[in-house]
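What follows is a set of notes on a single structure, which appears directly below.
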Amino acid sequence: MDKNSTAKIDRKIERFKQESHHTLEAEVAKKRIAWFEQNYQGQRDGQPPSPRTAYELFFFEYLGLSEKEVAVLSETETKIVWSSTNSCPTLTACKKGGLDTKTICRSIYEKSTQAFVSQLDPQLRFHRSYEEIRPYAHHCKEMIIRVDFEQMMRLAIEEAKISKESGNKGYGAVVVLGEKILGKAHDTTVTEKDPSLHAEVNAIRQAVKTLDDMNLSGAILFSTCEPCPMCASLAIWANLTTVVYGVSVEETARLGKSRILVSSREIIDRSPATIEVIGDLLKDECRALYI
């Protein structure tokens with residue numbers, strides 16, 4: 001390794017140890033999004049981009065790697081899985097600095113890669129196996145999966161209907177990680193006489209129990225209504241990657257629902273977390289729940 005490369009690795013080690021991982025994550029995400037906006041001129045033919053499109057765009061065009069370095073292990077229309085064996089400065093820095101790649105890659109590079117992929121299509125989700133990651137394995141196993149957002153929101157809508165039938169207020173939420181539903185719930189504030197038991201709270205509690213991990217990085221929260229400040233804050237503390245909602249707090253307030261008129265985006269933007277917020281999914285169907 002030449003002196004210039006050694007200096008870059010040493011600087012990377014210093015930043016990993018001294019700077020906030022949230023800050024580094026946001027910096028990497030900003031850089032990747034800027035590249036996408038400047039360089040990607042993809043032709044849209046009315047069809048949603050495939051997992052392979054995202055894989056090739058990120059690894060071949062952005063990172064400049066070869067297919068041999070990120071060899072595809074399996075592929076379907078909705079999922080592509082590959083094995084990364086490329087020369088990796090982060091791996092080198094972690095080895096030299098005595099740092100854990102599981103921690104560094106998850107806290108700095110997972111969401112920032114998703115931020116890039118989401119520019120192409122937020123329904124494409126980047127995931128990494130932390131059981132198969134270097135130096136604990138000879139490769140890093142990674143994948144991009146297409147998640148059907150409308151299908152997941154319809155599950156949340158069904159939960160909201162169950163809520164109403166059971167005498168609660170009619171909210172539903174689902175937490176999804178890749179191809180797995182981690183939590184699916186509705187609000188139980190009335191029946192359990194507990195004002196904290198919003199649909200999002202119940203779904204997130206299920207999710208952390210399912211994973212046995214309070215860190216839900218990589219997961220998506222679907223909610224029929226925009227999360228209130230309490231639930232948006234919980235999404236931050238759970239380190240979710242994405243929040244998707246149906247109808248906004250402003251809209252439900254106009255429909256006569258008692259709401260705190262602070263958007264989830266405002267709560268998240270005031271936090272250190274990198275969380276994308278997507279609104280108005282199946283808005284009319286979700287709005288109908290509150291009329």
(message) Quick one, I220 with V175, criterion side chain to side chain contact (heavy atoms under 4.5 Å, CB included). Give me CA distance, side-chain angles, the key distance, then yes/no.
(response) CA-CA 6 Å; I220 312 167; V175 177; over 6 Å; no

[atom2] on [Y] to [atom1] on [X], rounded to 0.5 Å:
X: L57; Y: Q119; atom1: CG; atom2: CD; value: 10.5 Å
X: I162; Y: D187; atom1: CD1; atom2: CG; value: 11.5 Å
X: T224; Y: L281; atom1: OG1; atom2: CG; value: 11.0 Å
X: L211; Y: Q206; atom1: CG; atom2: CD; value: 12.0 Å
X: H127; Y: K180; atom1: NE2; atom2: NZ; value: 12.5 Å
X: S84; Y: E142; atom1: OG; atom2: CD; value: 3.5 Å

Contact between [X] and [Y] at the side-chain level, heavy atoms closer than 4.5 Å - yes or no?
X: I144; Y: R52; result: no
X: I278; Y: V243; result: no
X: K79; Y: R146; result: no
X: C94; Y: D100; result: no

Closest contact, heavy atoms only, [X] versus [Y]:
X: V70; Y: L65; answer: CG1-CD1, 4.0 Å
X: T85; Y: H138; answer: CG2-O, 4.0 Å
X: S166; Y: N168; answer: OG-ND2, 3.1 Å
X: A185; Y: N202; answer: CB-CB, 3.6 Å
X: A156; Y: F222; answer: CB-O, 4.3 Å
X: L221; Y: P227; answer: CD2-CG, 4.3 Å

(message) For E200 and S223: C-alpha separation, side-chain torsions, deciding distance, then whether side-chain hydrogen bond (donor to acceptor under 3.5 Å, both in side chains) applies.
(response) CA-CA 7 Å; E200 298 94 332; S223 181; 2.8 Å; yes

(message) Quick one, N239 with L216, criterion side chain to side chain contact (heavy atoms under 4.5 Å, CB included). Give me CA distance, side-chain angles, the key distance, then yes/no.
(response) CA-CA 5 Å; N239 198 34; L216 297 180; 5.8 Å; no

Do the side chains of [X] and [Y] join up, straight or via other hydrophobic residues, at under 4.5 Å, putting them in one cluster?
X: I33; Y: L120; answer: no
X: V174; Y: Y171; answer: yes
X: V176; Y: F149; answer: yes

Side chain of [X], backbone of [Y]: donor and acceptor closer than 3.5 Å?
X: K111; Y: L240; value: yes
X: S118; Y: D121; value: no
X: T189; Y: P195; value: no
X: R265; Y: V277; value: yes
X: E159; Y: A173; value: no
X: T92; Y: C88; value: yes
X: D148; Y: Q151; value: yes
X: S112; Y: I108; value: yes
X: T252; Y: S248; value: yes
X: S20; Y: H22; value: yes

Residue [X] excluded, over 12 heavy atoms near [atom1] under 6.0 Å:
X: K164; atom1: NZ; answer: yes
X: K169; atom1: NZ; answer: no
X: I260; atom1: CD1; answer: no
X: K209; atom1: NZ; answer: no
X: R270; atom1: CZ; answer: no

(message) Centroid separation under 6.0 Å, is that true for the rings of W35 and Y40?
(response) no

side-chain hydrogen bond (donor to acceptor under 3.5 Å, both in side chains) against [X], all qualifying residues, sequence neighbours excluded:
X: S233; answer: none
X: S107; answer: H21
X: T242; answer: R125, E276

(request) Report the relative orientation of the aromatic rings in Y62 and F116; use parallel for angles under 30°, tilted for 30 to 60°, perpendicular for over 60°. (result) tilted

(request) Take N215 and S217 through the test side-chain hydrogen bond (donor to acceptor under 3.5 Å, both in side chains) and record every step on the way to the result. (result) CA-CA 6 Å; N215 185 348; S217 178; 4.5 Å; no

(request) Verify side chain to side chain contact (heavy atoms under 4.5 Å, CB included) between E61 and E56, making sure each step is shown before the conclusion. (result) CA-CA 7 Å; E61 297 188 40; E56 291 182 349; 5.8 Å; no

(message) Looking at E131 and K141, is any side-chain nitrogen of the basic one under 4.0 Å from a carboxylate oxygen of the acidic one?
(response) no

(request) Please determine if E27 and R15 form a salt bridge, counting it only when a charged side-chain N lies under 4.0 Å from a carboxylate O. (result)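 Looking at E27 and R15, the cut-off is met.
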
Between the side chains of [X] and [Y], does any donor sit under 3.5 Å from an acceptor?
X: R134; Y: Y136; value: no
X: S264; Y: E226; value: yes
X: T188; Y: T191; value: no
X: E69; Y: S66; value: yes

(request) Name all residues meeting the salt bridge (charged side-chain N to carboxylate O under 4.0 Å, His left out) criterion together with K161; count only those two or more places apart in sequence or in a different chain, and write none if there are none. (result) E158

(request) Might you work through the side chain to side chain contact (heavy atoms under 4.5 Å, CB included) test for E266 and S263, ending with a clear yes or no? (result) CA-CA 5 Å; E266 181 178 348; S263 71; 3.4 Å; yes

(request) Name all residues meeting the ring pair (Phe, Tyr, Trp, His ring centres under 6.0 Å) criterion together with F60; count only those two or more places apart in sequence or in a different chain, and write none if there are none. (result) Y55

(message) Could you work out, with ring pair (Phe, Tyr, Trp, His ring centres under 6.0 Å) as the rule, every residue matching W237, not counting sequence neighbours?
(response)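 With sequence neighbours excluded, W237 shows a ring pair (Phe, Tyr, Trp, His ring centres under 6.0 Å) to no residue whatsoever.
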
(message) Show, in sequence, the C-alpha distance, side-chain angles and deciding distance for E110 and Y130, and conclude whether the side-chain hydrogen bond (donor to acceptor under 3.5 Å, both in side chains) test is met.
(response) CA-CA 11 Å; E110 181 180 283; Y130 292 97; 2.7 Å; yes

